[in-house]
**Student:** 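Submitted below is the structure of interest, expressed as structure tokens.
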4 protein chains.
Amino acid sequence: MNHIYPRKPPVKERKDARVQKTRAALRDALLALLEERPFDAITIRDLAARAGAGYATFFRHYPDKGSLLADLAADEISALLALALPILDEADTHAACVALCSYVDARRHLWSVLLTGGAAGNLREEFIRQAHQIAAARPTPDESAWLPKEVAVVFGVSGTVEILAWWLQHGRDHSLEQVAQILDRLVIAPILRG
Amino acid sequence: MNHIYPRKPPVKERKDARVQKTRAALRDALLALLEERPFDAITIRDLAARAGAGYATFFRHYPDKGSLLADLAADEISALLALALPILDEADTHAACVALCSYVDARRHLWSVLLTGGAAGNLREEFIRQAHQIAAARPTPDESAWLPKEVAVVFGVSGTVEILAWWLQHGRDHSLEQVAQILDRLVIAPILRG
Amino acid sequence: MNHIYPRKPPVKERKDARVQKTRAALRDALLALLEERPFDAITIRDLAARAGAGYATFFRHYPDKGSLLADLAADEISALLALALPILDEADTHAACVALCSYVDARRHLWSVLLTGGAAGNLREEFIRQAHQIAAARPTPDESAWLPKEVAVVFGVSGTVEILAWWLQHGRDHSLEQVAQILDRLVIAPILRG
Amino acid sequence: MNHIYPRKPPVKERKDARVQKTRAALRDALLALLEERPFDAITIRDLAARAGAGYATFFRHYPDKGSLLADLAADEISALLALALPILDEADTHAACVALCSYVDARRHLWSVLLTGGAAGNLREEFIRQAHQIAAARPTPDESAWLPKEVAVVFGVSGTVEILAWWLQHGRDHSLEQVAQILDRLVIAPILRG
DNA sequence: CTCTAATCGAGACGGTACGTCGCGTCTTACG
DNA sequence: CGTAAGACGCGACGTACCGTCTCGATTAGAG
């Protein structure tokens, strides 16, 4: 998969094997616990215990819970946004929506936990936050008179996230094709064509 | 996360004057503190101190922080949703959007704190939660083949909240009329007409 | 007993009853634990648990373990020193030694724990420390040419403590009278008469 | 408290030169640090850093901090006790006291750190401990009716240590001759002649 | 206009999680 | 291929806040 979608390059993987193992264990522990209860109800002691690591060991890798979540999610969020934002510039928005949904579908379990698990709220906030940054940096080619860029970005991201969360929560009741169409008609088209 | 869920049972409004005063002081304290820092960073001790009340006194009125927020927000949220949902059934959606924006504008300070202050995330979640409940209970008059009711409601609410939050955060740069138009074209129209 | 030996006057006992109870429980817990293991091997968690108090409660009363020990011991030490130092000024040193031993005997259990239990080392150090302070403040009436005041005080206190510790450790094998005689001949006489 | 008790089994002195060097560095580091702060406030990491050795290296030489202190002090203590105990059996006690003081004076810096530095308390305890052992093993030639052997030994050692500590702490204000006299009149004579 | 009960402030208390530190073991990778 | 560097499990530290509780001191509003 990594050859299709832009992932973090494997540079600087020059780390102690124990460190890698411990971090992976902590990330897995967080994912597992997020399926059972809200992010804020998960204690660092829970995470360490679930990961089979010592309590203090957690802090040797992350300064706090949020950083662990960020380590899990930030790259994924960036990747998704990198895939989503350009949709607005494409000619064939439907195809772009399908690509987006395919990406999520390929990592369905991870995204399912992130968007419908106990950290859904935090993730949504992080999405919006990153989107704001991107919106500020993004060129403004064809600013509509009626739709400020900021609103477009925030609304687009928020709507997309909400639709994806709904899809992930309802299993396979709806085809990728359907969801892509909803995304296109509900989020993309209105932004582009009012 | 401090969910807002459990609504306080219908309080008898016939109360000691001291009680009324204390509750008002606590609510004001929360609003004031939400302008400075996130909801989760506000402690009950902070609230009591700011309200000029004793620490234990807080618990004589609310079982926890979330209940105080609920006392502040739940009615407002219900009122706003009661105003927003029927938009989809109206003929003149634009007029309905103007009505919605007028309502928010009339209570601009409160809504500004709620949607852009330290409890923005909690509020958004509560909106979505109430929207889900409404969606489940709502009759399904003209279920489009392509757009499941659940998505429509969640997307509609989420988009509306996002647009209102943006409006409240940017002061008076944009007229009520403009915002109503954005709301209509970006959220309402796509749901109704695809 | 309190009418015989100078105890802390009951002034300022104007405190919350709960506070008194908790502190007494903590002091008793320390005494009990000192009979089983060294002071440094006793954790604050042990103390709180033994006292039936919450861990954090300990810190509401004492900043650390040492302060609890001081609360137990400082007054006792002061009282003993107040009784011991004047011996050097008395005409009948033997009678004064008997008085000192009687005082210790009347509080035999407490002193037994303090001088032979797990805090013996700390107590000895505290004795020497207080003795140094007293030596510095004490007038130097008849400074012998051969014996500096400082040495006299430190040696006197140290020797006395050692003899008392031995006595307390060996139960009633030796009479109060015998110990007083040893104290007089081994510590007091040499200081006074070289 | 870090007792010094368990003596290292008779180390074979035939060792790698690097081992000798590392141990010397660690001992020097301990001595240096004892001049700045109490023994218990010195961490193994401090010692290793000061000695220019790796943290784990410490444990290849000593099982814990106390053992390093023992390695420094135990031989010195034994030597001093071997010199001190026989004083009671000598005819010319004054000469013996002079010999004792000379021995300490010859190693003044080391003893100064040991008896007045951060490990003074530990050292005192170790002295008493070894003295107790010696007292138990020592024949009882002329047990006085009034002075049990145990008291004599403990008192003698304790008094001697205290006097030496005072001497070492006050530099050269007092001559070796004076101190020997004090020792003889304050400690030895009373034990022998009551 | 009193008197009685509700309400209040103050804060001690048992808990629980935090983030830090040091120990002593064990692993890794460098020189 | 031996050793330094340091990650690790462990567990105590002292801090903060929670929600419960007792304690007197107001003070409201019913009689």
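As the structure is a computational prediction, the values presented were derived from the model and not from experiment. Naming convention: chains lettered A, B, ... in sequence-line order (proteins, then strands); numbering from 1 in each chain.
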**Student:** Is there a side-chain contact between C/Glu126 and C/Arg129, using heavy atoms and a 4.5 Å cut-off?
**Tutor:** yes

**Student:** Enumerate all atom pairs, one protein N or O and one N or O from nucleotides 13-23 of chain E, separated by less than 3.5 Å.
**Tutor:**
| residue | atom | partner | partner atom | Å |
| --- | --- | --- | --- | --- |
| E/dC13 | OP1 | C/Arg18 | O | 2.8 |
| E/dC13 | OP1 | C/Val19 | N | 3.4 |
| E/dC13 | OP1 | C/Thr22 | OG1 | 2.6 |
| E/dC13 | OP2 | C/His61 | NE2 | 2.3 |
| E/dG14 | OP1 | C/Gly52 | O | 3.2 |
| E/dG14 | OP2 | C/Gly54 | N | 2.8 |
| E/dG14 | OP2 | C/Thr57 | OG1 | 2.6 |
| E/dG14 | O6 | C/Arg60 | NH2 | 3.0 |
| E/dC18 | OP1 | A/Ile44 | N | 2.9 |
| E/dC18 | OP2 | A/Ile44 | N | 3.4 |
| E/dG19 | N7 | A/Tyr55 | OH | 2.7 |
| E/dC23 | OP1 | D/Ile44 | N | 3.2 |
| E/dC23 | OP2 | D/Ile44 | N | 3.2 |

**Student:** What class does the angle between the rings of D/Phe58 and D/Tyr62 fall in, given that below 30° is parallel, 30 to 60° is tilted and above 60° is perpendicular?
**Tutor:** tilted

**Student:** Give the intermediate values and the outcome of side-chain contact (heavy atoms from CB on, under 4.5 Å) for residues A/Asp40 and A/Lys65.
**Tutor:** CA-CA 9 Å; A/Asp40 291 335; A/Lys65 252 189 322 177; 4.3 Å; yes

**Student:** Which value, rounded to the nearest 0.5 Å, describes the distance between A/Arg27 atom CZ and A/Thr22 atom OG1?
**Tutor:** 10.5 Å

**Student:** How close or far is atom P of E/dC8 from atom OH of B/Tyr62, stated in whole angstroms?
**Tutor:** 11 Å

**Student:** Under the salt bridge (Lys or Arg N to Asp or Glu O under 4.0 Å) test, which residues partner A/Asp46, sequence neighbours left out?
**Tutor:** A/Arg37

**Student:** Going by atom types alone, do A/Asp64 and A/Ser67 pair a side-chain donor with an acceptor below 3.5 Å?
**Tutor:** yes

**Student:** Considering only heavy atoms from C-beta outward, does the side chain of D/Thr57 approach that of D/His61 to under 4.5 Å?
**Tutor:** yes

**Student:** Rounded off to whole Å, could you give me the CG-to-P distance for the C/Leu68 and F/dG14 pair?
**Tutor:** 12 Å

**Student:** Applying side-chain contact (heavy atoms from CB on, under 4.5 Å), run through C/Leu30 and C/Leu34 and close with a yes or a no.
**Tutor:** CA-CA 6 Å; C/Leu30 177 54; C/Leu34 279 178; 3.8 Å; yes

**Student:** To the nearest 10 degrees, what angle separates the axes at the start and end of the helix from E/dC1-F/dG31 to E/dG31-F/dC1, five pairs each?
**Tutor:** 30°

